[in-house]
> 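Here it is, the structure, as C-alpha coordinates.
For this chain, numbers begin at 1 and follow the sequence in order. The model shown is predicted, which means the values in this text are computed figures rather than measured ones.
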Amino acid sequence: MDDIRQLGVTTSLTTAAQILGICYPTARRLAASGMFPVPVIRLSRRWKVPTEPLIALLTTGRVRDRTTVAQEQHGPLDTTKRG
(Lines give C-alpha, C1' and ligand atoms only; values in the text may rest on other atoms or scores of the structure.)
Protein backbone atom coordinates (compact mmCIF):
# COMPACT_ATOMS: atom_id res chain seq x y z
CA MET A 1 0.00 0.00 0.00
CA ASP A 2 2.85 2.39 0.73
CA ASP A 3 4.13 1.98 -2.82
CA ILE A 4 0.69 2.83 -4.20
CA ARG A 5 0.38 5.89 -1.93
CA GLN A 6 3.74 7.08 -3.22
CA LEU A 7 2.36 7.17 -6.76
CA GLY A 8 0.68 10.49 -6.00
CA VAL A 9 -2.88 11.61 -6.59
CA THR A 10 -3.25 9.69 -9.86
CA THR A 11 -1.48 6.95 -11.71
CA SER A 12 -1.57 5.64 -15.25
CA LEU A 13 -4.08 3.08 -16.43
CA THR A 14 -1.14 0.76 -17.12
CA THR A 15 0.04 0.93 -13.51
CA ALA A 16 -3.48 0.58 -12.08
CA ALA A 17 -4.09 -2.44 -14.30
CA GLN A 18 -0.85 -4.06 -13.11
CA ILE A 19 -1.82 -3.45 -9.47
CA LEU A 20 -5.22 -5.05 -10.05
CA GLY A 21 -3.83 -7.93 -12.11
CA ILE A 22 -5.65 -6.90 -15.30
CA CYS A 23 -3.92 -7.00 -18.67
CA TYR A 24 -3.69 -3.59 -20.34
CA PRO A 25 -5.94 -4.32 -23.36
CA THR A 26 -8.71 -5.47 -21.01
CA ALA A 27 -8.16 -2.48 -18.71
CA ARG A 28 -8.45 -0.12 -21.66
CA ARG A 29 -11.67 -1.78 -22.84
CA LEU A 30 -13.10 -1.61 -19.32
CA ALA A 31 -12.14 2.05 -18.94
CA ALA A 32 -13.64 2.97 -22.31
CA SER A 33 -16.91 1.22 -21.44
CA GLY A 34 -17.09 2.75 -17.95
CA MET A 35 -16.65 -0.66 -16.32
CA PHE A 36 -13.12 -0.32 -14.87
CA PRO A 37 -13.29 -1.31 -11.17
CA VAL A 38 -12.39 2.23 -10.04
CA PRO A 39 -13.08 5.66 -11.54
CA VAL A 40 -10.88 6.71 -14.45
CA ILE A 41 -10.23 10.11 -15.97
CA ARG A 42 -9.71 10.58 -19.69
CA LEU A 43 -7.22 13.33 -20.51
CA SER A 44 -6.84 13.67 -24.26
CA ARG A 45 -5.42 10.29 -25.28
CA ARG A 46 -4.34 9.28 -21.78
CA TRP A 47 -6.20 7.56 -18.98
CA LYS A 48 -5.51 8.51 -15.36
CA VAL A 49 -6.67 6.60 -12.32
CA PRO A 50 -7.08 8.36 -8.95
CA THR A 51 -5.11 6.44 -6.34
CA GLU A 52 -7.55 6.96 -3.43
CA PRO A 53 -10.31 4.76 -4.94
CA LEU A 54 -7.68 2.23 -5.98
CA ILE A 55 -6.41 1.99 -2.39
CA ALA A 56 -10.00 1.80 -1.09
CA LEU A 57 -10.76 -1.09 -3.42
CA LEU A 58 -7.66 -2.99 -2.36
CA THR A 59 -8.16 -2.44 1.37
CA THR A 60 -11.93 -2.70 1.74
CA GLY A 61 -13.12 -4.32 -1.46
CA ARG A 62 -15.30 -1.25 -2.16
CA VAL A 63 -14.78 1.96 -4.05
CA ARG A 64 -15.64 5.24 -2.36
CA ASP A 65 -17.34 7.27 -5.06
CA ARG A 66 -18.84 10.76 -4.64
CA THR A 67 -22.19 9.35 -3.51
CA THR A 68 -20.58 7.15 -0.87
CA VAL A 69 -18.50 10.04 0.47
CA ALA A 70 -21.56 12.33 0.57
CA GLN A 71 -23.56 9.70 2.43
CA GLU A 72 -20.77 9.22 4.96
CA GLN A 73 -20.63 12.96 5.59
CA HIS A 74 -24.33 13.85 5.46
CA GLY A 75 -26.31 10.64 5.93
CA PRO A 76 -28.42 8.79 3.37
CA LEU A 77 -29.72 10.77 0.45
CA ASP A 78 -33.45 11.57 0.50
CA THR A 79 -34.80 10.28 -2.79
CA THR A 80 -38.48 10.83 -2.07
CA LYS A 81 -40.24 13.27 -4.36
CA ARG A 82 -41.69 16.36 -2.84
CA GLY A 83 -44.23 18.73 -4.06
> Is there a donor-acceptor pair closer than 3.5 Å between any side-chain N or O of Arg28 and the backbone N or O of Leu30?
no

> If the condition is side-chain hydrogen bond (donor to acceptor under 3.5 Å, both in side chains), which residues does Thr26 pass it with, not counting sequence neighbours?
Arg29

> If you group Ile, Leu, Val, Met, Phe, Trp and Tyr by side-chain heavy-atom gaps below 4.5 Å, do Val49 and Leu43 land in one group?
no

> Taking atom CZ of Phe36 and atom CG of Leu20, what is their separation to the nearest 0.5 Å?
5.0 Å

> To the nearest 0.5 angstrom, please state how far the CD1 atom of Ile55 sits from the OG1 atom of Thr59.
7.5 Å

> Verify the cluster assignment for Tyr24 and Leu54: are they in a single hydrophobic cluster under the rule of side-chain heavy atoms below 4.5 Å apart?
yes

> Is there a path of hydrophobic side-chain contacts, each under 4.5 Å between heavy atoms of I/L/V/M/F/W/Y residues, joining Leu58 to Val38?
yes

> On a heavy-atom basis, which atom in Pro50 and which in Ile41 lie closest, and how many Å separate them?
CG-CD1, 4.0 Å

> Without placing hydrogens or testing angles, list every side-chain donor-acceptor pair under 3.5 Å for residues 4-15, not counting sequence neighbours.
residue : atom : partner : partner atom : Å
Ser12   : OG   : Thr15   : N            : 3.0
Ser12   : OG   : Thr15   : OG1          : 3.0

